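Read the structure below first, then the notes.
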Amino acid sequence: MQVYLNGRLVAKEEATISVFDHGLLYGDGVFEGLRTYNGRVFKLEKHIDRLIDSAKAIMLNIPLSKQELMDAVVETVRANNIHDGYIRLVVTRGTGDLGLDPRKCPIPSIFIIADKITLYPAELYQNGMEIITVPTRRNIPEALNPCIKSLNYLNNIMAKIEAIHGGVHEALMLNSEGYVTECTGDNIFIVRDKILLTPPTWVGALKGITRDTVMDIAKEYKVEAKEEVLTRYDLYTADECFLTGTAAEIIPVIKIDSRIIGTGKPGDITLKIMQRFKELTQTEGVEVYK
Ligand code: PXG
């Protein structure tokens, strides 16, 4: 395996980062998780745009242009001859002395891993999954805005641990006021009276790229889709529910906090969107092997 590290492709064993890197010491950095399907990087530009926005929000100057970042991703995928896989792009504040002050780190570290990805069991995509609300609330936007895809994932990891201890794969996270935000690595949608609803990002959710793709699919199919502040009651009484994310793709949810959602099977609108999403991933994206 070849890993992109600070401008070079190096063997996996040589792809190492200093223990003085502030990404490790303080979680000071940003990242993206992307996917390749059928030899194409899906939504590459959108991921790079979001990375640049995350970096801007934390005042991290990425020493590569948008085009250079996109080229580096494609080059890394190509070097590993991956057609269907997962890409992790990370930019940290870089190596510096101890202490929070980012001025200690003159040069950001950039690395890109292109690898395979393990999904949830296929059975869950067919039959739907169960989620539970967990005690850990999503970070408040006034503290660490969940729109920043930063290396500080402990908030979500705490929630994930609670989900696992509750015997399910994914956690529903509320904001400090008790409104629905998202899951630990996925956005959430419900269908009510044939209308697609998802929480606005200001409640405390990442502006997911899969979420945006689902909004586009809805438009294409003339299914009304809108952002709405949602409570757990709205979820419990929904006709359908599903999660979206680059890693999870689109996965139906059929049980929340022991309440059966809709018929207890993946809903018709969910299945239609999943089908169209699959088509798009197979045909769209930046070609790696031209
Ligand atoms: N919310 C959170 C908190 C996320 O981390 C999403 C929503 C979905 O966003 P996208 O843009 O992917 O539709 C995410 C994304 C991983 C991994 O390595 C995590 C994500 C994406 C890819 C890989 O666990 N989270």
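This structure is a prediction, so every number in the text was calculated from the model and none was measured. Counting starts at 1 for both ligands and their atoms, following the listed order.
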**Report entry** Under the salt bridge (charged side-chain N to carboxylate O under 4.0 Å, His left out) test, residues paired with Glu284 that sit two or more places apart
**Finding:** Lys43

Query raised in the report: Name the residues in contact with ligand 1, where contact means a heavy atom under 4.0 Å away: which are they?
Result: Gly33, Arg50, Tyr86, Arg88, Arg138, Lys149, Tyr153, Asn156, Glu182, Thr184, Gly185, Asp186, Asn187, Leu206, Gly208, Ile209, Thr210, Thr244, Gly245, Thr246, Ala247

Query raised in the report: Distance only, no hydrogens: is a donor on one side chain within 3.5 Å (strictly under) of an acceptor on the other, for Asp216 and Thr213?
Result: no

Query raised in the report: Is it the case that Asn156 and Arg138 place a side-chain donor and acceptor less than 3.5 Å from each other?
Result: yes

**Report entry** Flag side-chain contact, heavy atom, 4.5 Å: Met173 against Thr184
**Finding:** yes

Query raised in the report: Taking only residues two or more places apart in sequence or in another chain, which ones pass side-chain contact (heavy atoms from CB on, under 4.5 Å) with Val288?
Result: Val41, Val74, Val77, Arg78

Query raised in the report: Which ILVMFWY residues are connected to Leu24, directly or by a chain of links, through side-chain heavy atoms under 4.5 Å apart?
Result: none

